[in-house]
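In what follows, a structure is listed as structure tokens, so that the remarks can point back to it.
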There are 2 protein chains.
Amino acid sequence: MSNQVQVSLKEEQDRLWKLFHSHRNEMIVTKSGRKMFPKLDYVIRGLNQNKLYAMMLHIEQSDDCRYKFSSGKWMKSGKAEQHKEPKKLWHPDGVRSGKDWMANPICFDSVKITNSVDSSNASMIFLHSMHIYTPVLSVYESQSETPMGIPQPSTRLVTSVRLDYTEFIAVTAYQNDALIKLKIQFNPFAKGFREGNQGDRKRSSPSADDSTTDESSS
Amino acid sequence: MSNQVQVSLKEEQDRLWKLFHSHRNEMIVTKSGRKMFPKLDYVIRGLNQNKLYAMMLHIEQSDDCRYKFSSGKWMKSGKAEQHKEPKKLWHPDGVRSGKDWMANPICFDSVKITNSVDSSNASMIFLHSMHIYTPVLSVYESQSETPMGIPQPSTRLVTSVRLDYTEFIAVTAYQNDALIKLKIQFNPFAKGFREGNQGDRKRSSPSADDSTTDESSS
DNA sequence: GCTTACACCTT
DNA sequence: GAAGGTGTAAG
């Protein structure tokens, strides 16, 4: 009865997601697929140590609107494209004990988001650009370690968790300057664009808010 | 009837595995887990384009002997530790069409081998040091894309492939000097040990313990 | 609004 | 040294 499952994000990711959310998070989608940053590293508690579980991620549309970025702000702009049945991504670790899932963060870092309908890659999720989404983690209880081959009549959904601050708008190019700064500041792969680096290019909007510009501890 | 499935390794890997095999290949096992080099990048042909398959890797003991390295040669040295039920590692891409599997090499590069019994990591495989092993790829046909939750009574093993030249002896420190040279020559991560590099340590004494103190992932 | 080639970086 | 993740700028 007291089997209360709690899901959060790994501490540092949690902090980042909330910071990005406060500026209206955006995620780039590309034809070949793009990883998300911040990452989705879930931390879970309250599972039964010995029972078997599998983890599933999908990304669901947050509302029924299309968005546009206009005069420095995100605005609703008409009705959304038709919802697609969201792609279900099972965590590659497959079926494991509650103990195992609780021992380490549950990372979906192979996931890529794309705006190409015909990207057949297994860990690729299609999203409509200029639409708003929220990732959802679903926890299933299973009877068998075998991911296939054995009938599994008694699988059940234990819980499904949607963290509001992981919401983001899919874009093909970043719109909000403040957000670009955050991505550059915190994503290790964008280090080449940080102030003082030789790859530093001038950025278009010198007037953007500077609460986020102070130097990253490079 | 003519559904002849053919499995090989990616061309360059194939060349390397055969070269290493000609010197009796060795693989380091560590407590925290070590990746294999050369890598296992399988190439598969002859699947049905539209049927669904899953790929499974395991590493099986090649014989019933323990080995020792003595006077510059590998010799049998008594009876093997008791066989363990080998760990089955499903390819993280899950269930996909034959077309998808044939489009790109099937890479098991997240696999790590360990000599620690209690490494609960999902993609970690336990091996006994000083025992000899061969990786085996198994191809299963599936009826459903869902890795769990739906009964799958008709899964069947299509084929199981064991490439003899991928055989290796698990070690905690390399024994054969010729093999050390090959690892350094071909593994990009061992660049620091190449002649002329500042990281070049003297390696005159093959007697082991300095090659395990460095946990550079390979 | 979206795509591509790119320099620069991490892993 | 290889593979792959970054935002950029031009188109």
Side-chain angles (χ1 to χ4, degrees), chain A residues 16 20 25-40 66-70 74-75 77-78 80-81 107-119 121 123-124 126-131 169-206 208 212-213 216 218, chain B residues 10-13 15-16 32-41 104-105 107-110 112 182-200 215-218:
Chain A
L16 286 176
F20 282 62
N25 204 354
E26 304 171 23
M27 294 283 176
I28 299 267
V29 286
T30 65
K31 210 175 144 184
S32 59
R34 196 82 153 189
K35 296 200 169 179
M36 291 185 277
F37 186 89
K39 295 180 185 173
L40 287 174
R66 166 183 286 278
Y67 284 74
K68 68 173 175 187
F69 193 75
S70 178
W74 281 105
M75 333 253 305
S77 162
E81 298 286 326
C107 303
F108 284 93
D109 43 18
S110 63
V111 175
K112 290 185 173 182
I113 54 179
T114 181
N115 59 342
S116 166
V117 197
D118 45 42
S119 47
N121 190 299
S123 48
M124 203 93 100
F126 173 86
L127 302 180
H128 290 291
S129 181
M130 309 312 257
H131 288 63
I169 299 176
V171 295
T172 56
Y174 290 127
Q175 304 293 314
N176 184 346
D177 280 346
L179 204 76
I180 297 178
K181 293 205 176 96
L182 290 178
K183 297 267 184 177
I184 291 172
Q185 184 177 356
F186 292 105
N187 189 335
F189 285 104
K191 192 183 169 194
F193 298 98
R194 290 180 195 163
E195 301 283 334
N197 268 68
Q198 57 180 24
D200 191 33
R201 283 113 162 115
K202 54 167 166 276
R203 260 170 253 108
S204 49
S205 166
T212 57
T213 55
S216 56
S218 70
Chain B
K10 209 165 86 181
E11 189 171 3
E12 67 192 279
Q13 309 295 353
R15 198 167 34 83
L16 286 176
S32 58
R34 192 84 151 194
K35 292 194 177 185
M36 290 185 278
F37 185 90
K39 296 180 185 173
L40 287 173
D41 294 346
N104 295 298
C107 302
F108 285 93
D109 42 19
S110 62
K112 289 186 173 182
L182 290 177
K183 297 267 182 176
I184 291 172
Q185 183 177 357
F186 291 105
N187 189 337
F189 285 101
K191 188 195 167 197
F193 296 96
R194 289 181 195 159
E195 299 287 332
N197 266 66
Q198 57 179 18
D200 192 31
E215 191 57 32
S216 60
S217 71
S218 64

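Values reported hereafter were calculated over all heavy atoms of this structure, with side chains retained and with hydrogens, waters and symmetry mates removed. Throughout, a chain's letter reflects where its sequence line sits, starting with A, and its residues are numbered from 1. Since the model is a prediction, treat every value here as computed from it, not as a measurement.
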Practice item. Figure out the CZ/P separation between A/Phe189 and C/dC9, and round it to whole Å. Key: 13 Å
Review point. Rounded to whole angstrom units, what separation is found between the CD atom of A/Gln185 and the C1' atom of D/dG7?
Key: 15 Å
Exercise for review: Identify which nucleotide among D/dG7, C/dT10, C/dG1 has an atom closest to any side-chain atom of A/Ala190, counting heavy atoms from C-beta outward.
Suggested key: D/dG7
Practice item. Please state how far atom OH in A/Tyr174 lies from atom P in D/dG7, giving the value in whole angstrom units. Key: 4 Å
**Study point:** B/Lys183 side chain vs B/Phe37 backbone, donor-acceptor pair below 3.5 Å
**Key:** yes
Exercise for review: Grab the CZ-P distance between A/Arg66 and C/dG1 for me, whole Å please.
Suggested key: 9 Å
Review point. Does OP1 or OP2 of C/dG1 have a side-chain N or O of A/Asn115 closer than 4.0 Å?
Key: no
Review point. Taking OP1 and OP2 of C/dC2, is either one under 4.0 Å from a side-chain nitrogen or oxygen of A/Ser129?
Key: yes
Practice item. Please state how far atom CD1 in B/Ile184 lies from atom P in D/dG1, giving the value in whole angstrom units. Key: 15 Å
**Study point:** Atom pair distance, as rounded to whole Å: CE in A/Met124 and C1' in D/dG5
**Key:** 14 Å
Point to revise | Rounded distance in Å - CG (A/Asp177) to P (D/dA9) | key: 12 Å
Review point. Within less than 4.0 Å of OP1 or OP2 of D/dG5, is there a side-chain N or O belonging to A/Lys35?
Key: yes
Practice item. By nearest nucleotide on DNA chain C, pick out whichever of A/Lys68 and A/Lys39 is the more 5' one. Key: A/Lys68
Practice item. Verify, without hydrogens or angle tests, whether A/Thr114 (side chain) and A/Lys31 (backbone) share a donor-acceptor contact under 3.5 angstrom. Key: yes
Practice item. Could you tell me whether a side-chain N or O of B/Lys39 sits under 3.5 Å from a main-chain N or O of B/Gln13, the two making a donor and an acceptor? Key: no
Practice item. Under the salt bridge (charged side-chain N to carboxylate O under 4.0 Å, His left out) rule, collect the residues that match up with A/Glu81, sequence neighbours excluded. Key: A/Arg66
**Study point:** Set of residues satisfying side-chain hydrogen bond (donor to acceptor under 3.5 Å, both in side chains) with respect to A/Asn187, sequence neighbours excluded
**Key:** none
Review point. How close or far is atom C1' of D/dG1 from atom CG of B/Leu16, stated in whole angstroms?
Key: 14 Å
Practice item. Assign A/Lys112 to base, sugar-phosphate, or nothing according to its heavy-atom contacts below 4.0 angstrom with the strands shown. Key: sugar-phosphate
Point to revise | Polar side-chain contact A/Arg194-D/dG7 base: donor and acceptor under 3.5 Å | key: no
